Amino acid sequence: MSLHDVLYFTTVSLMVMHLHGFTVTSRHIEIITLMPYNFSVDLLHMAPAMDVAIEKAQASHNHDLNITMEHLFNTSFRSCDEVASQSVSMLSEYVYNSKRSTDCYAILTTGCADSSGIASLARGRDWLLFSNSMASNSFLNPDIGSPTAVALMGTYVGYARVLLEIMSYYAWYHATIFVEGKALTPFYKFLASQLMTSSRASVKPFTLELLTMIDNSHLTVKAVLERAKLRSRVIILLTLGTTAVQILRRANDASMADGDYVFFNVQPSQVDEYGTIDHFAYPLNDSVSRIYQSLFFLTYRPGGDELKALNSAIIRRSANAYNVTYADGHLPLDLPPIKSSYEAVELFVKAATELKHLSDECGGVNLVGKLANRTARLSTGDVLISGDRSRNLDLNIFGFNTTTGTMQIIGTYMWASGNLHWSTDRQITWPGINGTAPRDVPVCGFTGIDGICAASVISTKNVAVAAALASMLFLTGSTICLRWNWDRIVNPNDNHTWQLNPVLLHHHPTLQSVHEREHTQYNLSKYHGLLY
């Protein structure tokens with residue numbers, strides 16, 4: 001692909017002059033983005049936030065920075081596969097043709113791009129690499145990815161850890177994972193894989209089983225539910241919200257709303273394309289509302305009113321410069337990719353200016369050294385980046401409110417404190433008889449015939465076996481007798497019947513001695529006939 005085929009444009013290029021016309025000596029830093037133009041995590045939604053971030057960074061550093069931003073994209077691309085196939089060549093061609101004298105580079109990429117190829121390029125040039133998509137282990141692996149990579153939009157490891165901590169809190173160690181095989185987002189299958197990996201590495205005795213749903217048909221849902229019944233009482237629904245509703249309705253029909261089961265639905269954020277709490281907001285008289293009492297809904301925890309002014313600035317820039325609007329109640333920084341794109345700018349500027357003060361080389365490894373294992377205070381709040389160069393997202397935990405018939409926040413997981421926090425005034429009303437959380441393993445096991453019920457089952461089986469054996473003996477004896485008599489009727493010449501012969505029978509005196517009676521001999525002769 002030639003440079004002519006790829007559209008480049010610079011959204012911000014701030015060159016600041018002294019009032020008397022002399023150029024200020026400043027550090028030149030540049031951010032290069034690689035993302036789709038108008039689909040998935042796209043430029044039209046990310047760029048306005050980055051524009052605003054650059055303007056704020058410029059103002060806060062007294063105009064002593066020269067910040068440029070280059071967006072590499074192609075408007076003809078319609079799929080992530082097309083973006084991935086050309087992203088490395090686009091970046092390589094731009095760098096080759098760039099004539100700027102730049103001190104620091106940072107790349108912001110999305111899940112659509114060729115992550116391994118871009119990581120290789122960033123590693124080779126020692127450039128800082130940000131991701132505004134959920135990061136896998138390979139992205140952060142310095143041997144596979146790049147030691148200059150920083151995951152800003154959360155990790156699958158982080159989501160898996162929160163799920164397992166909730167399960168551990170309730171002492172639930174058995175779970176079945178349902179994965180929607182044909183969902184458009186890879187979030188569900190990647191999280192499922194990480195859950196299996198994390199559970200095996202845990203010191204807790206987790207036993208998880210993964211079931212992939214090839215479709216959402218009635219037969220498929222019925223089959224996975226029947227399988228899950230024999231394996232666990234915890235079911236993790238890694239599916240779209242609409243699919244989760246279908247499964248819960250089927251589970252209700254399968255008598256799984258009695259409080260013996262618990263369900264999880266996990267979403268990367270609350271958007272209609274994935275799933276929101278509104279999917280589970282039904283009136284109390286709805287036929288399946290009872291099963292929602294056994295549901296946990298986990299998703300990204302957005303900011304609050306403290307981001308109101310910043311959201312307004314991004315909304316204005318979106319409408320004026322990019323012709324993108326937001327519906328009422330929808331805020332750009334409520335979306336993790338937009339928030340992480342904004343934060344990438346502030347983090348890059350913060351690290352670059354710190355290196356400048358120390359007269360250090362502005363390479364990716366040095367920049368990462370200024371970001372990793374610390375908490376940065378940004379316009380969006382505190383951002384904790386761990387020692388492994390990952391930033392995990394705070395999560396909200398929702399439960400069903402039986403009074404309002406809606407899902408409400410009952411807990412949070414905040415990475416700054418690393419703690420699971422449950423609300424003291426909002427708790428789950430479990431639908432069981434005692435109103436308690438389900439057991440990890442029922443008293444009679446998952447099959448209903450194990451545990452303390454095994455002895456009674458064995459006793460019942462023994463009684464049944466004894467009864468069956470007695471019946472068999474009775475039938476066998478009756479059959480032998482009937483057969484015996486039948487043979488004698490049908491075969492009158494049978495010579496296997498014996499009878500006392502009264503003619504040959506000796507009559508002994510009544511007053512015989514005992515000794516004599518004991519030695520009385522009876523002559524037996526075969527009698528051909530019936531014996532009565």
Side-chain angles (χ1 to χ4, degrees), residues 35-49 73 77-84 109-113 131-136 152-156 158-159 177-192 212-216 221 236-249 263-282 295-303 311 314-315 318 322-342 393-398 406-407:
M35 61 186 77
Y37 178 68
N38 59 357
F39 63 88
S40 185
V41 179
D42 61 19
L43 179 64
L44 291 182
H45 287 86
M46 306 303 121
F73 65 96
F77 290 164
R78 292 292 180 268
S79 70
C80 281
D81 289 340
E82 289 181 290
V83 175
T109 185
T110 180
C112 273
S131 171
N132 63 358
S133 296
M134 194 74 63
S136 63
L152 282 185
M153 209 208 80
T155 64
Y156 293 103
Y159 269 81
I177 306 170
F178 293 2
V179 178
E180 188 167 0
K182 294 185 178 179
L184 294 178
T185 173
F187 172 80
Y188 306 122
K189 66 177 182 180
F190 287 164
L191 178 54
T212 298
M213 298 169 54
I214 58 175
D215 56 43
N216 303 334
V221 174
I236 302 172
L237 306 178
L238 298 183
T239 69
L240 297 172
T242 52
T243 304
V245 171
Q246 294 179 36
I247 295 173
L248 290 172
R249 287 182 175 274
F263 300 85
F264 287 88
N265 185 228
V266 186
Q267 301 296 346
S269 62
Q270 284 204 71
V271 293
D272 292 336
E273 290 78 7
Y274 297 134
T276 72
I277 58 174
D278 292 337
H279 283 119
F280 311 99
Y282 285 83
L295 173 67
F296 286 102
F297 181 86
L298 273 70
T299 191
Y300 161 69
R301 177 180 174 82
N311 272 312
I314 296 172
I315 290 173
S318 298
Y322 299 90
N323 198 29
V324 172
T325 59
Y326 288 86
D328 291 341
H330 291 74
L331 301 174
L333 293 178
D334 283 354
L335 302 175
I338 295 179
K339 190 167 183 281
S340 60
S341 296
Y342 178 95
L393 302 180
D394 295 335
L395 299 181
N396 278 335
I397 307 166
F398 290 83
T406 59
M407 303 293 287

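Note that the structure is predicted; figures quoted are calculated from it, not measured. Because only heavy atoms are used, hydrogens play no part in the values below, and waters and symmetry mates are left out as well, while side chains stay in.
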Requested in this report: Give, for atom CZ of Phe77 and atom CE of Met35, the distance between the pair rounded to the nearest 0.5 Å.
Outcome: 14.5 Å

Requested in this report: Find the distance between CD1 (Ile314) and OH (Tyr322) and round it off to the nearest 0.5 Å.
Outcome: 11.5 Å

Query raised in the report: Ser133: what forms a side chain to side chain donor-acceptor pair (under 3.5 Å) with it, not counting sequence neighbours?
Result: Thr110

**Report entry** Listed partners of Phe264 passing ring pair (Phe, Tyr, Trp, His ring centres under 6.0 Å), at least two apart
**Finding:** Phe296

Query raised in the report: Can you list the residues that meet the ring pair (Phe, Tyr, Trp, His ring centres under 6.0 Å) rule with Tyr300, with sequence neighbours excluded?
Result: none

Requested in this report: First locate atom CZ of Arg301, then atom CG of Leu393, and finally report the distance between them rounded to the nearest 0.5 Å.
Outcome: 12.5 Å

Query raised in the report: Looking only at heavy atoms, which two atoms of Pro48 and Leu43 are closest? And how far apart?
Result: CD-O, 4.0 Å

Query raised in the report: For the atom pair CD (Gln267) and OG1 (Thr276), what is the distance rounded to the nearest 0.5 Å?
Result: 9.0 Å

Query raised in the report: Considering only heavy atoms from C-beta outward, does the side chain of Pro268 approach that of Tyr274 to under 4.5 Å?
Result: yes

Query raised in the report: Roughly how far, to the nearest 0.5 Å, is the CG atom of Leu248 from the CZ atom of Phe263?
Result: 6.0 Å

Query raised in the report: Mind checking what makes side chain to side chain contact (heavy atoms under 4.5 Å, CB included) contact with Ala135, not counting sequence neighbours?
Result: Phe139, Ala151, Thr155

Query - Test item: Ser269 side-chain N/O and Val271 main-chain N/O as donor-acceptor pair under 3.5 Å - result: no

Requested in this report: State which residues pass side chain to side chain donor-acceptor pair (under 3.5 Å) with Asn38; sequence neighbours excluded, sorted by chain then number.
Outcome: none

Report task. Flag the pair Val41 / Met46 as yes when at least one side-chain heavy-atom distance between them is below 4.5 Å, and no otherwise. Result -> yes

If you look only at distance, which donor and acceptor atoms sit under 3.5 Å apart when one is on a side chain in residues 334-342 and the other is two or more places apart or in another chain?
| from | atom 1 | to | atom 2 | distance (Å) |
| --- | --- | --- | --- | --- |
| Lys339 | NZ | Glu343 | OE2 | 2.9 |
| Ser340 | OG | Pro336 | O | 3.0 |
| Ser340 | OG | Pro337 | O | 3.0 |
| Ser341 | OG | Asn132 | ND2 | 3.0 |
| Ser341 | OG | Pro337 | O | 2.8 |
| Tyr342 | OH | Glu346 | OE2 | 3.1 |

Requested in this report: For Tyr188, check ring pair (Phe, Tyr, Trp, His ring centres under 6.0 Å) against everything at least two apart and list the hits.
Outcome: none

Report task. Please list, chain by chain and in numerical order, all residues satisfying side chain to side chain contact (heavy atoms under 4.5 Å, CB included) with Gln246, sequence neighbours excluded. Result -> Asn216

Query raised in the report: Can you tell if the side chain of Phe187 reaches within under 4.5 Å of the side chain of Tyr159, non-hydrogen atoms only?
Result: yes

**Report entry** Which residues share a side chain to side chain contact (heavy atoms under 4.5 Å, CB included) with Thr239, sequence neighbours left out
**Finding:** Glu180, Leu237, Thr243, Ala244, Ile247, Asn265

Report task. Over 60° means perpendicular and under 30° means parallel, so classify the ring planes of Phe73 and Tyr37, tilted if in between. Result -> parallel

**Report entry** Residues in side chain to side chain donor-acceptor pair (under 3.5 Å) contact with Asn311, at least two apart in sequence or another chain
**Finding:** none

Requested in this report: Could you pull out all residues at least two apart from Ser318 that satisfy side chain to side chain donor-acceptor pair (under 3.5 Å)?
Outcome: none

Report task. Check Phe39 against Cys112 and note the closest heavy-atom contact, atom names and distance. Result -> CE1-SG, 4.4 Å

Report summary line: Here the gap from Leu295 atom CG to Ile277 atom CD1, rounded to the nearest 0.5 Å, amounts to 11.0 Å

Query raised in the report: Got a sec, which residues hit side chain to side chain contact (heavy atoms under 4.5 Å, CB included) with Lys182, two or more places apart in sequence or on another chain?
Result: none

